[in-house]
Amino acid sequence: MYVKPSMDKLIEELRELKRRAELGGGLERIKRQHAKGKLTARERIELLFDPGTFVEVDRFVVHRTTYFGLDKEKYLGDGVVTGFGKVNGRLVFAFSHDFTVFGGSLGEMFGRKVVKIMDMAAKVGAPIVGMNDSGGARIQEGVASLEAYGEIFKRNTWYSGVVPQISLIMGPCAGGAVYSPALTDFVIMVDNPATFMFITGPEVVKAATGEEVTFEELGGARVHATKSGQAHFIAESDEEAIALTKKLLSYLPSNNMEEPPYVDTGDPPDRVDPELESIVPTDPMKPFDVRDVIIRVVDNAEFFEVHAHWAQNVVIGFARIAGRTVGIVANQPAYMAGVLDIDASDKASRFIRFLDAFNIPVITFVDVPGYMPGTYQEHGGIIRHGSKMLYAYAEATVPKVTIILRKAYGGSYLAMNAKSMGADIVYAWPSAEIAVLGPEAAVRILYRKKVRTMKEPGKFIEEKIAEYKRFFANPYRAAELGFVDEVIEPRETRPMIVKALEMLENKREERPPKKHGVMPV
Ligand code: HXC
């Protein structure tokens with residue numbers, strides 16, 4: 001006869017099961033994980049969540065595969081730790097791949113666990129953090145594993161713009177597995193030789209193209225942070241990646257129905273900064289670092305730059321102004337003269353769409369000579385990529401404030417959120433130059449025929465350039481027509497942005513009803 005054990009015994013059994021689950025693939029594999037400079041799935045979870053707040057979900061799930069002897073090899077949790085808890089006091093959901101169990105490979109039940117917490121997060125409106133460290137599709141589970149990925153990709157897409165999704169790459173991430181992180185809003189990659197992202201690995205590359213390349217050269221953190229733009233942030237360690245995640249979350253609302261969190265930064269909203277007057281040279285050809293302007297305007301000089309190492313000709317990132325999160329988009333004259341090219345357009349437009357989805361105002365600082373000329377850019381599709389900037393700004397209904405610091409020429413003037421593109425407030429510094437072309441190029445085109453007939457056209461050209469500059473190399477033609485709302489002194493940039501944002505606090509703007517637009521991608 002079966003006699004139910006006492007409660008003490010049942011509790012002891014439960015505790016024993018939990019201890020087993022916590023060991024993942026066993027001590028030997030945990031040792032190997034540490035030897036590679038990686039934390040375990042559970043150590044990462046512990047670092048992410050406020051102490052004592054994490055609630056694990058599906059700790060006892062196991063796979064149900066019988067192929068390749070897997071019926072004899074089961075691990076509680078099936079290779080992924082999932083659940084929810086508080087990060088700096090706010091609700092967050094997370095999944096953390098356990099590389100010690102089948103190399104963190106994803107099978108049917110593993111996938112179901114991830115999908116379950118993604119659905120929960122979307123239902124209650126909380127961010128999803130994914131810590132990736134996986135050999136990809138679990139080979140023994142075949143198509144069930146591929147479909148499990150499909151369920152995740154589908155939800156990455158459904159919940160895009162509903163709750164923030166952040167991916168940490170903390171180990172291998174290969175094949176189709178890279179697409180879930182790629183579908184999320186931000187990718188933070190650890191710079192560790194055991195960490196990489198690629199569609200096809202070095203062996204396949206060699207077989208297909210003859211090219212020899214290492215894992216790191218092909219898809220390491222530095223490559224993705226500087227060349228492909230796949231990684232928004234690079235971290236030296238798992239610990240730093242998790243710290244970056246917490247910082248990033250601090251700027252974001254929990255979902256698209258919320259405003260971003262308010263933080264009492266203590267920085268006076270009416271603070272003026274006379275130093276701003278000496279940072280930007282009035283000579284439009286002279287470079288300066290636009291971050292020197294940004295940090296003087298935002299609260300406590302705290303600027304959380306995104307994509308800092310990729311497409312550096314445009315600078316994007318989060319900051320707070322009067323305690324509220326803002327997104328900054330700025331040309332960077334210190335890098336390629338701040339010209340807009342394919343990568344810069346992709347970088348900025350995606351960020352603007354993120355800001356718009358999550359109710360974060362966009363502050364745009366302009367000093368742009370134009371779009372990048374040349375066959376490389378034209379043949380690469382600069383028209384299509386460049387138009388994403390126009391699309392993203394025009395589509396965005398969040399408060400949009402533009403400050404023209406210096407050059408704003410031609411199509412790039414519009415692409416940096418001019419009045420007609422939907423800027424709510426446009427300020428210009430007295431150093432602003434707003435025109436169809438720069439003076440030299442404009443005179444060359446206007447007087448090409450006349451100059452050909454002249455023996456020594458130098459003086460004539462000089463005079464015409466001076467005339468052009470007198471007329472257009474200032475903000476006043478634009479201000480006369482109301483395309484600049486106010487010409488401001490550099491020192492008052494911060495208080496003027498604060499006033500604009502206060503005015504725009506209850507902004508409501510509608511677009512024509514539709515299923516969705518068709519962004520040029
Ligand atoms: C099942 C796997 C696995 C996988 C690794 N393991 N990948 N088990 N399915 N995909 C297991 C190994 O058998 C091993 O088990 C343990 O995980 C650790 O693997 P190692 O090879 O010993 O580790 P390491 O030397 O660090 O190499 C890690 C690795 C390598 C680079 C990830 O394991 C690897 O290349 N794995 C295969 C990667 C891959 O091709 N995946 C499919 C990609 S295609 P034991 O028992 O020894 O600990 C894909 C399609 C997705 O993912 C499609 C979505 C649409």
Side-chain angles (χ1 to χ4, degrees), residues 23-41 62-81 95-115 118 130-158 167-184 189-190 192-208 213-221 223-224 230 238:
L23 277 179
L27 287 172
E28 196 43 48
R29 291 196 183 93
I30 290 177
K31 233 195 242 170
R32 264 184 259 153
Q33 178 82 350
H34 286 153
K36 286 181 188 151
K38 301 194 288 180
L39 297 176
T40 65
V62 287
H63 70 75
R64 49 183 180 173
T65 314
T66 54
Y67 308 130
F68 297 98
L70 238 56
D71 50 332
K72 295 186 193 64
E73 205 179 349
K74 292 191 189 220
Y75 299 91
L76 297 180
D78 200 36
V80 64
V81 182
F95 60 85
S96 180
H97 296 169
D98 184 350
F99 192 79
T100 69
V101 175
F102 306 125
S105 60
L106 183 143
E108 176 205 9
M109 299 307 288
F110 178 130
R112 277 209 208 173
K113 285 181 65 172
V114 173
V115 159
M118 290 178 81
M131 295 189 260
N132 296 267
D133 185 0
S134 162
R138 188 172 298 162
I139 295 163
Q140 301 92 323
E141 296 203 31
V143 66
S145 151
L146 298 180
E147 290 287 359
Y149 269 118
E151 293 293 341
I152 295 171
F153 300 165
K154 187 168 71 186
R155 282 165 179 80
N156 287 136
T157 309
W158 284 350
S167 298
L168 288 77
I169 312 297
M170 307 174 115
C173 191
V178 296
Y179 287 120
S180 175
L183 286 165
T184 62
M189 227 177 143
V190 180
N192 176 332
T195 296
F196 49 80
M197 276 181 108
F198 45 64
I199 301 272
T200 48
E203 277 174 38
V204 179
V205 170
K206 185 159 186 221
V213 65
T214 65
F215 280 81
E216 260 184 300
E217 286 163 353
L218 186 62
V223 165
H224 285 305
Q230 192 52 58
D238 287 11

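Counting starts at 1 for both ligands and their atoms, following the listed order. In this text, all values refer to a predicted model and were calculated from it rather than measured experimentally. Position 1 is the first residue of the sequence, and the numbers go up from there.
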When rounded to the nearest 0.5 angstrom, what distance separates CG in L27 from CZ in R29?
-> 11.0 Å
Which atoms of ligand 1 are found less than 4.0 Å from any heavy atom of G136?
-> 52 (O)
Going by the 4.0 angstrom heavy-atom rule, the piece of L146 near ligand 1 is side chain
Would a line drawn from the ring center of H97 to the ring center of F95 be shorter than 6.0 Å?
-> yes
For atom 52 (O) of ligand 1, which of G104, A137, G175 has the closest heavy atom?
-> A137
Minimum heavy-atom distance between H63 and E141, given as atom pair plus value | CB-OE2, 3.7 Å
Would you indicate which of S145, A174, G135 comes nearest to atom 42 (C) of ligand 1 when only heavy atoms are counted?
-> G135
Under-4.0 Å protein heavy-atom contact, atom 10 (N) of ligand 1 = yes
Starting from atom 26 (O) of ligand 1, which protein heavy atom do you reach first, and at what distance in Å?
-> K36 NZ, 2.8 Å
Quick one: does atom 17 (O) of ligand 1 have a protein heavy atom under 4.0 Å from it?
-> yes
Among protein heavy atoms, which sits nearest to atom 29 (C) of ligand 1, and what does the distance come to when rounded to 0.1 Å?
-> P172 CG, 4.5 Å
of all protein heavy atoms, closest to atom 31 (C) of ligand 1 is F196 CZ, 3.9 Å
Give me the ring orientation class for F196 and F215: parallel if the planes are under 30° apart, tilted from 30 to 60°, perpendicular past 60°.
-> tilted
Protein contact for atom 13 (O) of ligand 1 (heavy atom, distance under 4.0 Å) = no
Inter-residue atom distance R64.CZ - M109.CE, 0.5 Å rounding | 5.5 Å
Separation between CZ (R155) and CG (L183), nearest 0.5 Å, reads 13.5 Å
Exercise: identify the closest heavy-atom pair between S105 and R138 = O-NH2, 2.9 Å
Under 4.0 Å from a heavy atom of Q140: give me the atoms of ligand 1 that qualify, with their elements.
-> 1 (C), 9 (N)
Heavy atom of protein inside 4.0 Å of atom 48 (O) of ligand 1, strictly below | yes
Nearest protein heavy atom to atom 2 (C) of ligand 1: under 4.0 Å?
-> yes
Any sub-3.5 Å donor-acceptor pair from N132's side-chain atoms to G130's backbone N or O?
-> yes
What are the two closest heavy atoms between V213 and V205, and how far apart are they?
-> CG1-CG1, 4.2 Å
Say whether G103, considering both its backbone and side-chain N or O atoms, lies within less than 3.5 Å of an N or O atom on ligand 1.
-> yes
Looking at K38 and N192, what are the two nearest heavy atoms and their distance?
-> CG-ND2, 3.9 Å
Answer yes or no for atom 33 (O) of ligand 1: protein heavy atom present at a distance under 4.0 Å?
-> no
Can a salt bridge be assigned to the pair D78 and R112 using a cut-off of 4.0 Å between side-chain N and carboxylate O?
-> no
Pair Y149 and Y179, ring centroids less than 6.0 Å apart = no
Counting heavy atoms only, name the option from Y179, F99, F102 that's nearest to atom 19 (O) of ligand 1.
-> F99
Within a distance of under 4.0 Å, is there any protein heavy atom near atom 6 (N) of ligand 1?
-> yes
Any protein heavy atom lying closer than 4.0 Å to atom 23 (O) of ligand 1?
-> yes
Between I139 and ligand 1, does any nitrogen or oxygen pair lie at a separation below 3.5 Å?
-> yes
Which residue and heavy atom of the protein sit nearest atom 46 (O) of ligand 1, plus the separation | R29 NH2, 3.0 Å
Hey, does F153 sit under 4.0 Å from ligand 1 if you only count heavy atoms?
-> yes
Should K154 and E151 count as an ion pair when the cut-off is N to O under 4.0 Å?
-> yes
Please state which protein non-hydrogen atom is closest to atom 54 (C) of ligand 1 and give its distance, to 0.1 Å?
-> Y149 CD1, 3.4 Å
